[in-house]
There are 2 protein chains.
Amino acid sequence: MSETILSRDWMVPDDLRDWTIDIFDTLYRQSFDGVGISRATYGDGETKAMEVIAERAGQEGLDVSYDAAANLIISLPGEAPDQPFVACGSHLDSVPEGGNFDGAAGVIAGLLSLVQLRRKGVTPPRTLKVMGLRGEESAWFGHCYLGSRALFGGLEPEDMTLPHRTTGDPLIDYMRTAGADVQQLQSGNAILKPQDIACYFELHIEQGPVMVARGIPVGIVTGIRGNNRHPNASCTGEAAHSGAVPRWLRHDTVFAASELITRLDRHWQALLEQGEDLVVTVGILGTNPDEHAMSRVPGHINFSLEYRSQSKELLREFEELVHDEARIIQRLRKVSFDLGAPVETEPAMMDDRLVSHLSGVCQKLDIDHEQLPSGAGHDAAIFANEGVPSVMIFVRNENGSHNPDEAMEFDDFFLGTEVLLNGMLTAPEALT
Amino acid sequence: MSETILSRDWMVPDDLRDWTIDIFDTLYRQSFDGVGISRATYGDGETKAMEVIAERAGQEGLDVSYDAAANLIISLPGEAPDQPFVACGSHLDSVPEGGNFDGAAGVIAGLLSLVQLRRKGVTPPRTLKVMGLRGEESAWFGHCYLGSRALFGGLEPEDMTLPHRTTGDPLIDYMRTAGADVQQLQSGNAILKPQDIACYFELHIEQGPVMVARGIPVGIVTGIRGNNRHPNASCTGEAAHSGAVPRWLRHDTVFAASELITRLDRHWQALLEQGEDLVVTVGILGTNPDEHAMSRVPGHINFSLEYRSQSKELLREFEELVHDEARIIQRLRKVSFDLGAPVETEPAMMDDRLVSHLSGVCQKLDIDHEQLPSGAGHDAAIFANEGVPSVMIFVRNENGSHNPDEAMEFDDFFLGTEVLLNGMLTAPEALT
């Protein structure tokens, strides 16, 4: 790690703090919808946010352009312009009635990093690019990561016909209006090759409560959890009179489902104690309201089951555990479980070297930090799964995201930005 | 036990078998409603059933009368008419679209017993009375045991105003039409004093599957389970994103409720192993459909909880267990349970001496039998809780009751009747 570059010199100075907060305020004002923030995917809100960022970047003498997917690209040329560039970024759309920080924070952190270098006249070793990506949220067209998938030619022709949540008009119309080169995208040609990019950084607010609970301002993300989902699982037994049927003659689905959930909980605990990454959720559980009676042993229950992990292998193993336990309970309780085939979303691992690198940066800079997984999906998953070494920086945030109550402290954001800038400058060495 | 009386001589002879089956057939034909059997409480179906029974009793020279509650009373005077009489009986109403055996079997078994004695010219030691009781089913007016409660002055003035399930007319109108002396009943005067009755026997089909599963034709009922019910229990935690919130920061109500149910199941098993009588049922369980999402940790769940036992003490102890476990889980899982105050129905114990007595009768007669609790309520509970030594005989029956598929074998019924008759004849000695 180059001691000459890695330094607290990249603490954000007071004037740039005000400059930054003003950008957040501007975005807030122009995208406030009366309840929260709405920056529609490939819509006005997203485009206006890009214009604000682009304008500030231009004022600082940075290169500003839009790619064929209408993603905003801000560049600061490096000493080795022929070498793969170091990228950072995040998205500029939001869910309807969402918050101001989810997405925008990562783009602004990138911009702020380049502006610091530019104002000090520092030329980075590699060219640095900030990507203001389009369409990360699935709320508007039902699919997510539209901008980042387009980068690598991964936007399918069907995706272009997805209808807008309220107007029903196809995505392609909105893309065209936003300035995308839809013909190039339709051809399936990639805008970038993975090998053009040395590595990808994404700063993002944490969408869970872990860092607030632990009192940690900055998190280094180890991976983005994939998930296996059983949306329509059920258990069938036999309805019976609660008074007249003893335990040994029951086929009780509530006790069976409860035992399955409790057994899975015990496995979950054991796996956590072994250091595995896992969350297990039964979001939906219910006996049939049409047959509800207090004194009826329920003959049927429906439930959903979802488990998420950074480890594809653990997801597969946990699925086996679920089936094993269901089989045991079926036999013991004379019921039958139908879990259905799981809907699978693959996890994305962050690059080990970059995770260590950023942890090292935090240690050198004496910034409290922890490594943690991301439960929600991010554009970084696309980069990682394309083979680009990728890593994320989480900034502490209260009240979750996708709601108007997101509450990131600017002091935490500036610490995260310091880690981002130092991390980007010294990344090429970390990857060799 | 008097060997001169207790005897296989009381096996039902072939001619009386046909006579009995004809009564069941007659009841079936006149109360078939197109789907099952309907004999409305204090209605035509119940009254017509009484008329059939009364007619057959009269033809055999038995005394027939109706009491102030319009219950049918059939008597055979004994050698000691001033001594308390030995009673047996059951009810002659049915639920709508019910079966032909629930209730009627007990009255017909009593009639058949008296007819056997009468035909052989035997005068029993005590006067024997068969009670064809009114209004045991709550299906018609919402309250149960109307006829047996009236016997002991326990019919409340409010009960008389209960509306009929379809017409909405008050019970009192139906009682008057059926021939009841509503003025006497309204005065609260009892028709009988508990001390008038030496003991009460009730033969009834089993409403659960235990005897079929065990291959036992005759059961001796040890008690009628009471129950504690929590109809509107709930657990409140905190909704959260399934991906972004780890186990230690969750307030997961589904896992909490499942753990409570599973812990109670373990206590249930342990108590059964210790010989306790208990059934535990969660008939209703469900997350809130308005907030259903597969990837949402559910912040709320509703459920019902019912536990039944013959032991009032065990019900009280189990209630404490429920609260203790809920308290532990609340603390561990950062949720809160609201169980609400339980709705309590007291158990009724059958008389120990009569239970042993009937088991002894079965042994002497070499009839396969078992002692078991009754999960459903019966008129015998009223007699027992009034202080009348009471006992019930269950007859094996498939497919439960309160439906057209009740399936009692007549061979089993005649064995049960043999136990009833022998039991009644020798009961006074057993009680001294």
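As a basis for the values below, the full set of heavy atoms in this structure was taken, side chains included, without hydrogen atoms, waters or symmetry mates. Numbered from 1 within each chain, the chains take letters A, B, ... in sequence-line order.
- In this model, no donor atom of one side chain and acceptor atom of the other lie less than 3.5 Å apart for Thr262(A) and Arg263(B).
- With a threshold of 4.5 angstrom between heavy atoms, Leu249(A) approaches chain B through side-chain atoms but not through N, CA, C or O.
- Closest approach of Leu285(B) and Leu285(A) over heavy atoms only: CD2-CD2, 3.7 Å.
- Interface check for chain A: of the options His402(B), Arg250(B), Arg247(B), the most heavy-atom pairs under 4.5 Å are formed by Arg247(B).
- Each of Gly243(B), Pro246(B), Pro289(B), Gly375(B) has some count of heavy-atom pairs under 4.5 Å with chain A, and the biggest count is that of Gly243(B).
- Contact count against chain B (heavy-atom pairs under 4.5 Å) is highest for Ala293(A) among Ala293(A), Ala239(A), Ser374(A).
- Chain A forms more heavy-atom pairs under 4.5 Å with one residue of Ile301(B), Ile284(B), Val297(B) than with any other, namely Ile284(B).
- In terms of heavy-atom pairs under 4.5 angstrom with chain B, the leader among Ser304(A), Ser295(A), Gly400(A) is Ser295(A).
- The choice from Ala376(B), Ser401(B), Pro298(B), Pro209(B) that makes the most heavy-atom pairs within less than 4.5 Å of chain A is Pro209(B).
- Here the side chains of Trp248(A) and Val210(B) are in contact, with some heavy-atom distance below 4.5 Å.
- Expressed to the nearest 0.5 Å, how far CG of Leu264(B) lies from CZ of Phe255(A) amounts to 7.0 Å.
- In this structure, Lys312(B) places its NZ atom where only 12 or fewer heavy-atom neighbours from other residues, nucleotides or ligands lie under 6.0 Å away.
- Interface residues of residues 227-237 of chain B toward chain A, defined by a heavy-atom distance below 4.5 Å and sorted by number: Arg229(B), Pro231(B).
- When the candidates Asn288(A), Val280(A), Leu305(A) are compared by the number of heavy-atom contacts under 4.5 Å with chain B, Val280(A) comes out ahead.
- Among the residues in residues 265-278 of chain B, those with a non-hydrogen atom closer than 4.5 angstrom to a non-hydrogen atom of chain A are Asp265(B), Arg266(B), Trp268(B), Gln269(B), Leu272(B).
- The minimum heavy-atom distance between Arg308(A) and Ser242(B), with the atom names listed, is NH2-OG, 3.3 Å.
- Open room surrounds CD on Glu346(A); 12 or fewer heavy atoms of other groups in view lie less than 6.0 Å from it.
- The candidate from Glu306(A), Arg296(A), Arg225(A), Glu259(A) with the greatest count of non-hydrogen atom pairs under 4.5 Å with chain B is Glu306(A).
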